[in-house]
Amino acid sequence: VQAISQASNSNKEGGAAPTVIIDVRTEGEYNAGHIAGAVNASFLPPWSFGDRVKALLQGLPQETPLVLICLSAHRSIGALKWLQGQGWLNAHQLEGGMQAWRKKEMPEVK
């Protein structure tokens, strides 16, 4: 599983594609606080995740950097494996999830 830390969650210079942050928590968890710019595609239930995330990624090149986040980095593992199986090889998991994000007192939208 590819994981990135909060410190490395930035776009590369030189016109690289912007990173898409996908929050795979439930809508209620997302609405209670999320990373600015993140889009919500709940991983629960897992069998319908594909339909939700495909709609969000429609039209994007598969090289687009994706960062997946959940509460503790458990649901995002399943989402990451699904996306990589679909050819999204520049997908990563945010190390530690929102729990680690909040522990470091990083900003979030409520």
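Only a predicted model underlies this, so the values are computations on that prediction, with no experimental measurement involved. Just so it is clear, the values below take in all heavy atoms, side chains as well, and ignore hydrogens, waters and symmetry mates.
Note that CD of Q84 is 8.5 Å distant from NE2 of H92, once rounded to the nearest 0.5 Å. A distance of 7.0 Å separates CG in L83 from CG in L80, rounded to the nearest 0.5 Å. Atom CE of M106 and atom CD of E108 lie 11.0 Å apart (nearest 0.5 Å).
Formation of a donor-acceptor pair under 3.5 Å by the Y30 side chain with backbone atoms of S42 is not found in this model. A donor-acceptor pair under 3.5 Å is formed between the side chain of N40 and the backbone N or O of D23.
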Donor-acceptor contacts, no H, no angles, side chain residues 57-71, under 3.5 Å, sequence neighbours left out:
unit_1	atom_1	unit_2	atom_2	d
Q62	NE2	Q86	O	2.7
T64	OG1	P61	O	2.7

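A pairwise comparison of heavy atoms in I22 and A41 identifies CG2-CB, 4.0 Å as the closest pair. Across all non-hydrogen atoms, the minimal contact from S48 to R52 is OG-NH1, 2.7 Å. Taking all atoms of both residues into account, the shortest heavy-atom contact from G97 to A73 is N-CB, 4.0 Å.
Every residue two or more places apart in sequence or in another chain that forms a side-chain contact (heavy atoms from CB on, under 4.5 Å) with N31 is listed here: E27. Here W82 pairs with F49 under the ring-ring contact (aromatic ring centres under 6.0 Å, His included) rule; sequence neighbours left out.
Cluster membership for M98 and L44, using ILVMFWY side-chain heavy atoms within less than 4.5 angstrom, is not shared.
Between T26 and R75 the shortest side-chain heavy-atom distance falls below 4.5 Å. Between V20 and L56 the shortest side-chain heavy-atom distance does not fall below 4.5 Å.
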